[in-house]
Amino acid sequence: MSDDNSPHTLAAADNDTHHDFWADEIADQVEARNPDEPVVVKGGVSPSGVAHLGNVNEIMRGYFVAEALRNRGHEVRQVFTSDDKDPLRKLPRKLANAEGEIVGLGEVDAGALGRNLGKPYMAIPDPFGDSESYAAHFAALLEADAERLGVEIEMHSNTAMYADGTFDPVVSGVLENAETARAVLSAYQDKVDNKYVPFNPVCSACGKLTETVTDIDLENETVEYVCTDMDVGDNTIEGCGHEGTATFREGKLPWRFEWPAQWQVLGVDFEPFGKDHAEGSWPSGVDIAENVLDIEPPVPMVYEWFTLNGEALSSSAGNIVTVTELLELLEPEIIRYFFALHPKKARNLDLSRLDQLVDDFDRFERAYYEGVEDESVTTFAKAAYPYVVENPTDDRPIRLPYTFAAVLGMVDERELRIKLATDEGHIPEDADEATIEAALARVEKARNWAERMDNAYNYRLQTDLPTVEFEPAVEAALDELADVVESGSNGEQIQAAIYDTARAHNIEISDLFEAGYRLFFDETQGPRLGEFLGELEQEFVVSRLRQQR
Ligand SMILES: [Zn+2]
């Protein structure tokens with residue numbers, strides 16, 4: 001922490017909040033800049049393979065700040081840059097098709113993709129053949145994700161901004177001050193020597209980006225270059241040796257300069273970014289903005305990366321989840337809620353325990369409407385809920401607890417679902433059709449979760465009696481269990497009775513459980529049987545235990 005209160009230091013973003021929602025805190029910092037209208041909030045994406053939930057940080061973190069500013073009467077543009085003039089450095093292991101589903105590299109023409117290494121993403125054909133380029137395909141995926149989450153973004157292609165001359169003044173400025181640019185960047189990157197030129201032309205012969213500029217002609221806005229090899233991690237992308245001339249529009253600024261250049265041409269007031277940038281290109285970006293471009297850098301905000309199932313997000317290791325996939329398991333407001341939580345705190349999204357995330361959201365919602373015991377949850381909810389759920393209704397929405405919804409997912413009949421939910425008090429007796437429909441929507445999500453995780457809820461109640469044959473002792477035990485249920489026992493009592501009955505009839509406890517699973521699920525295993533049976537209609541359970549059709 002430093003005492004420096006200038007709005008563009010990272011320390012300023014760490015100050016103690018006096019607002020209950022962090023987005024209001026950032027909005028204060030943006031207003032302190034006296035921004036021109038419309039205020040510009042930016043995010044960025046590298047179109048390198050799959051748009052996944054990690055990218056949603058950029059969408060939602062920016063969105064909440066944009067909304068906080070709109071609430072204060074500002075006009076706000078939420079812009080997104082697609083870094084589509086960057087070269088494809090290595091083949092991705094996974095891609096996402098136009099529907100946002102993840103597919104392996106084997107499902108596209110990987111050879112064609114391999115021949116395009118070193119070329120700008122925008123110059124590479126869409127491996128799925130739908131969009132005009134590889135980059136356009138992935139930009140469209142991100143835009144679709146934003147839309148699915150109810151966020152309107154303005155996509156800007158870097159390639160287009162070079163082609164139409166938007167970047168011209170910045171490229172000229174940087175190359176005019178190449179000495180200063182070199183001196184500034186050399187404090188951050190060892191590879192910057194006295195031959196370094198902050199411009200990468202696209203080779204007119206092979207189409208790859210190259211790093212070797214031999215001469216600059218500021219008057220004609222061109223550079224001379226040699227197409228040399230490019231080191232990319234452990235690999236080398238071979239240059240073709242061509243010597244040529246490129247205009248300022250036929251190349252790009254290196255990323256360290258391109259980012260601040262985007263701030264300049266788009267007039268960016270605020271940009272959230274991950275920790276990787278905080279240690280790398282942010283400090284050099286500030287230095288370049290102030291000392292090379294002579295502009296004020298935007299208000300920054302560093303967000304922590306979240307882990308997925310306890311591991312770092314990784315497209316190559318396959319540890320990712322897409323918005324499309326997650327929306328099959330959760331309502332969109334729950335994803336929005338996840339990103340409304342404080343960006344400085346590292347979190348884990350555990351798909352096997354989505355029930356906990358949903359429970360947290362339900363509590364957050366209850367806190368907004370009624371308050372909860374934990375005062376910090378209530379104050380946060382009062383401030384943040386209207387951003388998470390736009391135009392909150394007057395009354396708290398009826399929500400089924402997620403695990404209960406998963407239990408309902410074991411039965412197919414809608415009427416039975418409604419009856420079970422009403423019996424348990426989760427849906428009021430007098431609920432209207434629309435309320436019931438809204439509440440039941442969660443059952444489909446929880447059902448998908450049970451199937452995807454193959455967890456304790458991944459069973460289907462058999463509405464017709466399966467073909468079964470039991471030993472006489474087992475049949476007698478089932479009959480006795482039927483009596484227990486008929487007497488009005490609750491789930492816990494039924495569970496206890498399964499043990500007692502098995503002992504009384506001198507059969508293995510596991511045999512009686514298996515008989516129960518056969519009768520109700522036509523499986524040899526299942527959820528906690530007694531409690532599940534306690535949720536079902538008594539008459540149905542009794543006749544099934546007696547093996548009546
Ligand atoms: Zn070349």
Side-chain angles (χ1 to χ4, degrees), residues 46-49 81-92 105 108-127 129 131-139 157-168 170-172 174-175 178 181-182 185 189-259 261:
S46 180
S48 53
T81 49
S82 173
D83 299 330
D84 53 14
K85 209 161 185 180
D86 288 6
L88 175 67
R89 292 186 170 86
K90 61 174 186 192
L91 289 185
L105 200 54
V108 300
D109 188 349
L113 214 47
R115 286 191 290 280
N116 286 304
L117 283 173
K119 290 186 192 169
Y121 287 113
M122 203 65 176
I124 302 173
D126 174 11
S131 298
E132 56 172 309
S133 72
Y134 186 103
H137 171 82
F138 292 105
S157 151
N158 272 345
T159 305
M161 290 196 290
Y162 283 107
D164 67 14
T166 303
F167 277 129
D168 277 357
V170 197
V171 176
S172 292
V174 167
L175 292 181
R182 197 177 292 142
L185 190 61
Q189 283 189 337
D190 293 340
K191 71 169 186 186
V192 177
D193 56 21
N194 58 5
K195 290 200 194 101
Y196 179 84
V197 175
F199 191 72
N200 304 140
V202 175
C203 172
S204 64
C206 70
K208 291 177 189 173
L209 279 151
T210 177
E211 296 175 328
T212 310
V213 171
T214 51
D215 198 23
I216 304 167
D217 183 342
L218 287 171
E219 202 166 320
N220 291 311
E221 303 199 328
T222 58
V223 297
E224 302 295 313
Y225 65 87
V226 186
C227 184
T228 51
D229 293 356
M230 180 166 55
D231 289 331
V232 178
D234 298 336
N235 298 321
T236 300
I237 297 172
E238 277 180 25
C240 72
H242 176 74
E243 294 181 22
T245 307
T247 68
F248 288 179
R249 298 183 183 188
E250 293 167 339
K252 73 186 289 290
L253 293 164
W255 163 246
R256 295 282 181 140
F257 291 91
E258 195 173 66
W259 195 21

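For ligands, and for the atoms within them, numbers begin at 1 and follow the listed sequence. For reference, positions follow the sequence shown, starting with 1.
Summarising the local packing, CD of Q189 is surrounded by more than 12 heavy atoms from other residues, nucleotides or ligands at distances under 6.0 Å.
A salt bridge (Lys or Arg N to Asp or Glu O under 4.0 Å) check over residues 210-228, counting only residues at least two apart or in different chains, returns nothing.
With waters left out, the protein N, O or S atoms under 2.8 Å from the Zn ion (ligand 1) add up to 4.
In summary, of the residues considered (V192, L185, L175, V213), a side chain to side chain contact (heavy atoms under 4.5 Å, CB included) with P198 occurs for L175 alone.
The shortest distance between side-chain heavy atoms of V197 and I216 falls below 4.5 Å.
Nearest heavy atoms, L88 versus I237: O-CD1, 4.0 Å. Across all non-hydrogen atoms, the minimal contact from M230 to G118 is CE-CA, 4.3 Å.
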